[in-house]
Amino acid sequence: MQKEEYNALVYNQDALGIDDKEIYSTFFKQIIPKIEENRGIKILFGNQDGSRARGMSNQSSDIDMHFFGETENLEITYELMCEEGQIADRTIVYDLAPHCLKRTLENVTAYGDVIRKYPTVFYRTDEEKKKYSPENIHWNIRYREDGEIFEFIQFLIADTIFINRQEKEKVDMNYFYRLVKTVDMLDLQFVRAYGNYNNLMIGKEEVLVRKYLYTLYEIFFCRWMIEYGTRPPMVLEELIRGGQELNKDVRQSVHRLMEVNRTSTGHKTKLKCCVDVVLNDYIGEMLEQLQDKIASYDREERYASIIERTEPERRQKIIFY
């Protein structure tokens, strides 16, 4: 591994105490060869996702890596796998999700006009509204049969992506950016926030801390893209610093949750807090505002336009391995 191949990385150390260079080096050297041999997939590109990519990890966090590649098994789709990697004297768990690129692009293209699996009824046509209702939208999208579309969009918005150097001619990022509509990317984030709010916060006594943080991230993501028209950062704290106008009470609640999450040693599924009325009210208000703004958003704009309006230094960073 050549040192210059890590120039794209920000050498941050989070609660895991492991920096980006170690994370990716272990993934490229130890994990990818094992996956390609055992799963029969040639990895072309991918990205880190999950809590670490959003600055929400703690000492119990694993590493989420999603990737797309070539395989004779066209039915390969979202299927979580776990592999262990050795970093210094530590064993780190990688959560992995492989996707067949051919199948993914076919699905993304088919849903190019309207990603029908992720609809908000608020800006869909009358015909589309008959098929879907927000109350029936499950908030955990990863278990849907077309999870690869969700993961592909997450790849497009990631801060850092990785590309197989030997196969880079097969990875046309400009084509990928033109493939997806901005309104459908907004729709995806909105539905996740809407589902979390309605299913996990309203009328509850306790809420998972991570669900609060992810819901806030999804709301801030939409606000950033609508108000600034550029690519939002992946890290929650950067989203907040970048222009989210929060009153004192909301800001205190957000920072309290971020600190509780950061210092926790427990698993994310066990880390709960009492329902925060201030946050619930804020999230509900923001969802109502976003509903109207998404309804009036240009339904023809492609994500490529967002990238073009984004300053070069704030666009996706690429690691070739």
Quick check against the 3.5 Å criterion: does [X] have a side-chain atom that pairs as donor or acceptor with the backbone of [Y]?
| X | Y | answer |
| --- | --- | --- |
| R314 | R231 | yes |
| R192 | T215 | no |
| Y214 | S51 | yes |
| T71 | C100 | no |
| S264 | V260 | no |
| R210 | M56 | yes |
| R52 | D64 | no |
| S296 | K293 | yes |

same_hphob_cluster([X], [Y]) at 4.5 Å side-chain heavy-atom cutoff:
| X | Y | result |
| --- | --- | --- |
| I32 | V93 | no |
| V254 | L287 | yes |
| V277 | Y282 | no |
| I202 | L279 | yes |
| V235 | F221 | no |

Are more than 12 heavy atoms from other residues, nucleotides or ligands located less than 6.0 Å from atom [atom1] of [X]?
| X | atom1 | result |
| --- | --- | --- |
| E167 | CD | yes |
| E37 | CD | no |
| E311 | CD | yes |

Taking every non-hydrogen atom, the tightest pair across [X] and [Y]:
| X | Y | result |
| --- | --- | --- |
| L208 | K272 | CD2-CG, 3.7 Å |
| C273 | L257 | SG-CD2, 3.7 Å |
| D276 | S253 | OD2-OG, 3.0 Å |
| A193 | E218 | N-OE1, 3.2 Å |
| N280 | Y197 | O-CE1, 3.4 Å |
| T26 | G85 | CG2-CA, 3.8 Å |

Contact check, side chains of [X] and [Y], non-hydrogen atoms, under 4.5 Å:
| X | Y | answer |
| --- | --- | --- |
| I157 | Q189 | yes |
| L290 | I226 | yes |
| M185 | L156 | yes |
| Q316 | Y177 | yes |
| I283 | L216 | yes |
| L186 | M225 | yes |
| R251 | I240 | yes |
| K317 | D159 | no |

Salt-bridge criterion met for [X] and [Y] (N-O under 4.0 Å):
| X | Y | result |
| --- | --- | --- |
| E259 | R256 | no |
| E70 | K102 | no |
| R54 | D49 | yes |

### Task
Look at the aromatic rings of W224 and Y228 and report parallel, tilted or perpendicular, splitting at 30° and 60°.
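If you compare the ring of W224 with that of Y228, the planes turn out perpendicular.
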### Query
How about F45 and F176: are their ring centroids closer than 6.0 Å?
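Between F176 and F45, which both carry aromatic rings, the centre distance is below 6.0 Å.
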### Task
Run the ring-centre check on F162 versus F27 and record whether the distance is less than 6.0 Å.
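For F162 and F27, the ring centres are under 6.0 Å apart.
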### Task
Check salt bridge (Lys or Arg N to Asp or Glu O under 4.0 Å) between K34 and all other residues, then give those that pass, not counting sequence neighbours.
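Once residues adjacent in sequence are excluded, the partners of K34 under the salt bridge (Lys or Arg N to Asp or Glu O under 4.0 Å) criterion are E83.
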### Message
Run F152 and H99 through side chain to side chain contact (heavy atoms under 4.5 Å, CB included) and show every step you take.
### Response
CA-CA 9 Å; F152 184 74; H99 304 284; over 6 Å; no
### Message
Let's go through K29 and Y321 carefully: what are the C-alpha distance in whole Å and the side-chain angles of both, what is the deciding distance for side chain to side chain contact (heavy atoms under 4.5 Å, CB included) to 0.1 Å, and is it a yes or a no?
### Response
CA-CA 9 Å; K29 292 179 180 179; Y321 73 93; over 6 Å; no
### Residues forming a side chain to side chain donor-acceptor pair (under 3.5 Å) with E301, sequence neighbours excluded
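E301 satisfies side chain to side chain donor-acceptor pair (under 3.5 Å) with T182, Y297, R309 once adjacent residues are dropped.
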### Message
Checking N164 against I43 for the side chain to side chain contact (heavy atoms under 4.5 Å, CB included) test, could you report, in this order, the C-alpha distance in whole Å, the side-chain angles of both residues, the deciding distance, and whether it holds?
### Response
CA-CA 7 Å; N164 185 332; I43 296 174; 5.7 Å; no
Distance, nearest 0.5 Å, that separates [atom1] of [X] from [atom2] of [Y]:
| X | Y | atom1 | atom2 | answer |
| --- | --- | --- | --- | --- |
| M65 | Y24 | CE | OH | 5.0 Å |
| R103 | L105 | CZ | CG | 12.5 Å |
| I41 | F68 | CD1 | CZ | 9.5 Å |
| N47 | F155 | CG | CZ | 6.5 Å |
| R315 | I306 | CZ | CD1 | 11.5 Å |

### Task
Applying side-chain hydrogen bond (donor to acceptor under 3.5 Å, both in side chains) between H66 and each of Q154, Q48, E151, report the one that passes.
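It is E151; the other options fail the test.
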#### Entry: Verdict with supporting geometry, Q30 and Y94, side-chain hydrogen bond (donor to acceptor under 3.5 Å, both in side chains)
CA-CA 11 Å; Q30 299 180 27; Y94 286 76; over 6 Å; no
### Task
Evaluate the side chain to side chain contact (heavy atoms under 4.5 Å, CB included) criterion for residues I92 and E22: first the C-alpha distance (whole Å), next the side-chain angles of each, then the deciding distance (0.1 Å), finally the verdict.
CA-CA 11 Å; I92 302 299; E22 295 172 308; over 6 Å; no
